[in-house]
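Okay, so here's the structure we're looking at.
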Amino acid sequence: MTRFGIYLNKPDKQVHSASTLAELVKQGQVRAVARLITLLECGEQEGHDALRLLEVDTPRAAIIGVTGYPGAGKSTIIDQLVAAYRRLGHKVGVLAVDMTSPLTGGALLGDRIRMQQHALDPGVFIRSLATRGHQGGLASVTGEAVSVLEAAGYDVIFIETVGVGQGELEIATVVPTVVAVVAPGLGDEVQAMKAGLLEVAHVIVVNKGDHPEADRTLRELKEWHRSVLKVTATTGEGIPELIAAIAEQQRLHDLEGAPTRAGP
Ligand SMILES: Nc1nc2c(ncn2[C@@H]2O[C@H](COP(=O)(O)OP(=O)(O)OP(=O)(O)O)[C@@H](O)[C@H]2O)c(=O)[nH]1
Ligand SMILES: [Mg+2]
C-alpha cells in the first residue's frame, strides 16, 4: 500500500478528492498547492489526476530560471526580485530545485532562511523540490509544479537550480527566460561554464559587484554574450537593470515564440 493507498480501493473517492484538490488549487489555496506538489513529487496517481483537471488555457505566468554554481548568489538575487515584483503587485512563486542532493540538504534549508522576509507574505510561495517518486525525474516534476502554480494564479515563477547536472540544464532549455548567475574571479572555471550553463542563459549576471574582480569578469563575458550585467544582490544595486533585461528577454520570446540567445 502506498502512502495514500487508502484511495486505491476507492476509485470514486480518489477522483472526488482529485477534483476537490484541483478546485482548491484554482482558488489559490496555498495548502492545496503545497499538497498537490507533494503528491506529484511522490509520483502519486491522485496528483496526476488533479493536475489533469488544472489545464490552463492560456498560461500567462512569467517563468524565470535562475541558475549558477553554489554560493553565486542565486537566492539573494531571487529574494530581491521577489520584493520588486511584489511591489508591482504580482503573486510570486519560487521553486528551489536541487539535483545534487535529492534528500533535502543544507542548501535548500538555507534558501528558505534567506528568503524569510517573504515568509509571512501570502502573495509569495516558496518551495524546495526533490523527487521521492519514480516517474519522470526532477525535470518533469518541476514542470508539473510550474503548472500547479500557474493554475493557482501566480504571475511570476522563479526556478532556482545549481545548473551543473544534466537534468538541471534540461530544465533551463524549456524555461523561456534563463538568468545565469556568476561570481567574480572564477578564472578558468568560466570556460567550463560557457560550455554548460552560460550557454543556455539569456541573461548573465555577474553578482557580487562589490568584489574587486567583478569588472574584469563583466568585461570578459560581455565580449561573448549580448546581455551581461553587474549586480550586488546584497545591496540591490543593479536589480532594476536586471528586471529590465528580463522584461526585454520576455518581449523577444513573445515576439519570436522561441528563446533567443545570440552572441554580442
Ligand atoms: N559580498 C557579496 N556577497 C553576496 C552577494 N550576493 C550574495 N552574497 C553572499 O553569498 C552567499 C551565497 O549566497 P546565496 O544567495 O545563498 O547563493 P546561492 O547561489 O543561492 O547558493 P546555493 O543555493 O547554495 O547554491 C551568501 O552568504 C550571501 O550573503 C553580493 O552581491 N555581494
Ligand atoms: Mg540558493
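Everything numeric here is computed off the predicted structure, so don't read it as measured data. Atoms within each ligand, like the ligands themselves, are counted from 1 in listed order.
The Mg ion (ligand 2) sits nearest to atom OE2 when only the N, O or S atoms of Glu160 are considered.
At a threshold of 4.0 Å, the pair Lys194-Glu189 does not count as salt-bridged, since none of the basic side-chain nitrogens sits closer than that to a carboxylate oxygen.
Atom CG of Leu21 and atom CG of Leu39 lie 6.5 Å apart (nearest 0.5 Å).
Residue contacts with ligand 1: His211 is excluded, as none of its non-hydrogen atoms falls under 4.0 Å.
With Ala233, Gly71, Ala72 as candidates, the residue nearest to atom 21 (O) of ligand 1 on a non-hydrogen basis is Gly71.
Close contacts between ligand 1 and Thr76 involve ligand atoms 7 (C), 13 (O), 14 (P), 15 (O), 28 (C) [criterion: under 4.0 Å to a heavy atom]. Close approach of ligand 1 to Thr234 is summarised as follows: ligand atoms under 4.0 Å from at least one heavy atom of the residue are 2 (C), 3 (N), 4 (C), 5 (C), 6 (N), 8 (N), 30 (C), 31 (O), 32 (N). Using a 4.0 Å cut-off to heavy atoms of Pro70, the atoms of ligand 1 that qualify are 25 (O).
Between the side chains of Gln250 and Asp254, no donor-acceptor pair of N or O atoms lies under 3.5 Å. When only modelled atom types and interatomic distance are considered, Glu160 and Ser75 share a side-chain donor-acceptor pair under 3.5 Å.
Leu149 pairs in a side-chain contact (heavy atoms from CB on, under 4.5 Å) with only one of the listed residues (Ile63, Leu36, Leu95), which is Leu95.
The side-chain contact (heavy atoms from CB on, under 4.5 Å) search around Arg31 returns Gln29, not counting sequence neighbours.
Among the atoms of Ser75, an N, O or S atom falls under 2.8 Å from the Mg ion (ligand 2).
Within the 4.0 Å heavy-atom criterion, neither part of Asp79 lies near ligand 1. Residue contacts with ligand 1, taken as heavy atom pairs separated by less than 4.0 Å, do not involve Thr235 at all.
At under 3.5 Å, not a single nitrogen or oxygen of Thr232, backbone or side chain, sits near a nitrogen or oxygen of ligand 1.
Identified under the salt bridge (Lys or Arg N to Asp or Glu O under 4.0 Å) test for residues 147-157, with sequence neighbours left out: Arg60-Asp155.
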